[in-house]
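Step one of this worksheet: look at the structure below.
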Amino acid sequence: MTDTPFRPFDTLLDQESALSQLRSATAGADDGELFLERSRMEAIVFDDGRVKTASYNASEGFGLRAVRGDVAGYAHSSEISEAAIGRAVDTARLAVGDGGGTLADAPRATNTTLYTDQNPMSGVEFGVKIDTLREIDAFVRGLDKRVIQVSATFSASFQEVEILRPEGHLTRDARPMARLNISVIVEENGRRESGGAGGGGRYLMNGLMDPAHWQSVAQEALRIALVNLDAIPAPAGVMDVVLGPGWPGILLHEAIGHGLEGDFNRKGSSAFAGLMGQQIAAKGVTVLDDGTIPDRRGSITIDDEGTPSGKNTLIEDGILVGYMQDRQNARLMGVEPTGNGRRQSYAHIPMPRMTNTYMLGGDTAPEAILADLKDGIYAVGFGGGQVDITNGKFVFSCTEAYQVKNGQVGAPVKGATLIGDGATALKHIRAIGNDMALDPGMGNCGKQGQWVPVGVGQPTLMIGGLTVGGSAA
């Protein structure tokens with residue numbers, strides 16, 4: 001594994017020749033770029049006292065795009081060579097046709113750096129990672145005799161990109177990522193329950209290896225498992241729900257965030273299409289998408305079109321004020337790109353995607369919000385969910401939730417699902433806590449078969465009239 005920086009125009013291509021080919025592909029187009037990437041990924045899974053899997057993958061390649069109107073021609077290859085780019089030119093030009101477009105201005109330059117440009121997998125020997133995973137396993141088992149299984153995973157990746165535009169503008173970014181996940185299964189009187197915790201960000205693995213860090217993650221995973229061991233069946237019905245801070249923002253991300261991406265609104269398929277400037281949420285609700293937070297999982301110095309990331313306000317005091325845009329949709333909608341053009345890899349075309357999406361805090365203490373909940377659910381952990389972008393309808397499963405009666409948090413509940421739609425939920429927000437928090441760095445977002453890392457966040461919220469699916473009689 002080499003840590004020599006990825007410099008394809010020094011080792012694989014002549015920059016002037018590649019630029020000439022790119023200009024040939026985009027002659028008469030509105031936009032386009034040559035996206036070059038080298039990516040490396042590592043994952044070690046220690047499960048039930050042994051190394052279950054240890055994997056390392058490396059890839060590199062390019063994607064060539066030409067855009068004319070609302071059509072994009074795209075070709076990619078794992079071979080970075082002049083010949084391969086030449087073949088890609090013919091495919092990309094199919095979208096340009098007879099031309100007639102006006103080439104868009106290049107993204108503005110930036111000197112901002114939001115994270116280290118070092119490979120997060122370097123500096124920590126493989127044996128040290130294995131030893132740490134073994135220590136985690138022993139530590140968790142020593143915390144409680146009810147632990148019957150422990151699974152711990154170290155994963156890391158390093159993506160290096162260079163983006164060449166037809167006017168000769170060249171940008172690059174080196175994107176580290178490191179993560180630790182721990183899951184625990186406990187058993188008592190024949191009943192088994194699980195809990196998990198973890199996270200990471202755009203930094204080196206060293207911090208994850210610190211016992212002070214992994215011990216706190218392990219304790220949190222065990223705490224959730226033990227909470228679930230005492231859980232009773234969740235009630236069912238329409239009720240008020242209080243969401244905890246941080247990771248519950250995943251509901252905001254899925255039910256609302258996707259609906260504020262530019263492509264869905266340009267095509268009129270979003271539940272929020274045509275509502276710019278209108279009140280779409282309760283007063284006090286302000287939602288941002290911010291790719292500029294240092295070291296966060298969803299942050300990007302530049303997006304995958306070369307546009308610097310931004311701190312973009314989407315909803316301000318309940319009013320819709322902005323969408324997330326890549327270059328193509330921004331041009332077609334007559335607005336500026338927002339730094340949200342993202343792609344999974346060189347083999348994928350960019351599209352508007354979220355970065356770190358969160359709601360700003362209010363001025364109410366979270367204890368006061370819970371005290372006002374007469375009969376409902378307090379949900380602080382979420383698992384999987386589904387959402388329909390066209391109408392915002394969502395279903396989310398809770399991994400940690402509690403019954404609340406007359407402001408008193410009671411027994412944990414199991415099997416709770418939250419059902420509703422984003423547009424209605426926004427308007428039914430009744431209280432906003434002063435404890436806004438970001439998630440610990442565990443989000444992945446899927447869209448049209450592409451996955452990218454994201455962040456979420458929110459304060460404690462009370463939402464009225466959500467449907468809770470449960471199994472209690």
Side-chain angles (χ1 to χ4, degrees), residues 18-37 61-79 84-107 161-171 258-270 272-274 276 302-307 322-354 389-390 445-452:
L19 180 59
S20 176
Q21 290 176 303
L22 175 59
R23 286 172 172 166
S24 176
T26 56
D30 295 319
D31 209 349
E33 75 283 313
L34 177 64
F35 179 90
L36 302 113
E37 175 194 19
F62 75 87
L64 177 65
R65 183 176 66 145
V67 181
R68 178 74 177 93
D70 62 354
V71 179
Y74 195 69
H76 62 88
S77 174
S78 59
E79 174 192 334
I85 293 175
R87 294 190 292 270
V89 168
D90 296 333
T91 299
R93 275 213 63 81
L94 294 175
V96 181
D98 296 331
T102 301
L103 192 67
D105 292 336
V161 304
E162 291 204 353
I163 304 169
L164 180 65
R165 283 193 44 82
E167 72 286 332
H169 187 72
L170 178 67
T171 56
H258 279 298
L260 299 181
E261 291 169 336
D263 49 352
F264 294 128
N265 287 278
R266 176 175 64 83
K267 298 171 183 177
S269 58
S270 166
F272 301 103
M276 186 63 68
I302 56 171
D303 71 7
D304 293 321
E305 300 176 302
T307 305
Y323 297 129
M324 291 164 279
Q325 302 284 6
D326 63 355
R327 289 175 60 85
Q328 181 182 22
N329 284 280
R331 184 181 67 258
L332 294 171
M333 296 179 74
V335 297
E336 291 297 315
T338 58
N340 290 93
R342 305 187 67 188
R343 64 182 103 197
Q344 179 175 317
S345 75
Y346 70 85
H348 302 83
I349 200 163
M351 64 180 77
R353 305 294 301 272
M354 284 173 275
I389 302 300
T390 61
C445 175
K447 179 179 177 181
Q448 298 180 24
Q450 294 193 42
W451 292 88
V452 295

Looking only at heavy atoms, what is the nearest atom pair of Y74 and Y346, with distance?
OH-O, 2.6 Å
Hey, is the main chain of M324 close enough, under 3.5 Å, to the side chain of N340 for a donor-acceptor pair?
no
Taking R93 for the side chain and A27 for the main chain, is one N or O donor matched with an acceptor at less than 3.5 Å?
yes
Evaluate D304 against R343 for side-chain contact (heavy atoms from CB on, under 4.5 Å), listing each step before the verdict.
CA-CA 6 Å; D304 293 321; R343 64 182 103 197; 3.5 Å; yes
Any non-hydrogen side-chain atom of H258 less than 4.5 Å from a side-chain atom of M354?
yes
Give the minimum heavy-atom separation between P350 and G341, together with the two atoms involved.
CB-C, 4.4 Å
Show your reasoning for whether side-chain hydrogen bond (donor to acceptor under 3.5 Å, both in side chains) applies to R266 and N329.
CA-CA 7 Å; R266 176 175 64 83; N329 284 280; 2.5 Å; yes
So does R327 pair up with D31, basic N to acidic O under 4.0 Å?
yes
Does E167 CD have over 12 foreign heavy atoms under 6.0 Å away?
yes
How long is the gap from CZ on R353 to CG on D263, to the nearest 0.5 Å?
9.5 Å
Please find the pair of heavy atoms, one from G73 and one from A95, that lie closest to each other, and give the distance.
N-CB, 3.1 Å
Derivation of the side-chain contact (heavy atoms from CB on, under 4.5 Å) call for T91 and V89
CA-CA 5 Å; T91 299; V89 168; over 6 Å; no
Taking atom CD of Q450 and atom CD1 of I349, what is their separation to the nearest 0.5 Å?
8.5 Å
Between A25 and V96 the two heavy atoms that sit nearest each other are O-CG2, 3.7 Å
Among K447, K267, R342, which residue meets the salt bridge (Lys or Arg N to Asp or Glu O under 4.0 Å) test with E261?
K447
Is any side-chain heavy atom of E305 less than 4.5 Å from a side-chain heavy atom of P107?
no
Close side-chain approach of L164 to E33, heavy-atom, < 4.5 Å:
no
Is the backbone of G274 close enough, under 3.5 Å, to the side chain of N265 for a donor and an acceptor to pair up by distance?
no
Compute both the distance and the angle, then confirm whether R65 meets the cation-pi test with F35: under 6.0 Å from the six-membered ring centre, within 45 degrees of the axis.
no
Gap separating the CD atom of E37 from the OG atom of S345, nearest 0.5 angstrom
5.5 Å
Side-chain heavy-atom pair S77, F62 within 4.5 angstrom cut-off:
yes
Other residues, nucleotides, ligands: >12 heavy atoms within 6.0 Å of D90 CG
yes
Backbone N or O of G306 within a donor-acceptor pair of the T171 side chain at under 3.5 Å?
no
List the steps, then state whether side-chain contact (heavy atoms from CB on, under 4.5 Å) holds for I302 with I163.
CA-CA 10 Å; I302 56 171; I163 304 169; 4.2 Å; yes
Salt-bridge criterion met for E79 and R87 (N-O under 4.0 Å):
yes
Looking at R68 and D30, is there a salt bridge between them, counting it only when a charged N and a carboxylate O are closer than 4.0 Å?
yes
So, do H76 and L64 sit near enough that their side-chain heavy atoms are less than 4.5 Å apart?
no
Hey, does D70 have a side-chain heavy atom less than 4.5 Å from the side chain of L332?
yes
Would you mind reporting whether W451 and H348 have side-chain heavy atoms less than 4.5 Å apart?
no
All heavy atoms of P166 vs all of T26, minimum pair found to be CG-OG1, 3.4 Å
Does the side chain of S270 come within less than 4.5 Å of Y323's, by heavy atoms?
no
Between CG on residue L170 and CG on residue L19, distance to nearest 0.5 Å
10.0 Å
On a heavy-atom basis, the closest approach of G262 and P352 is N-CB, 3.9 Å
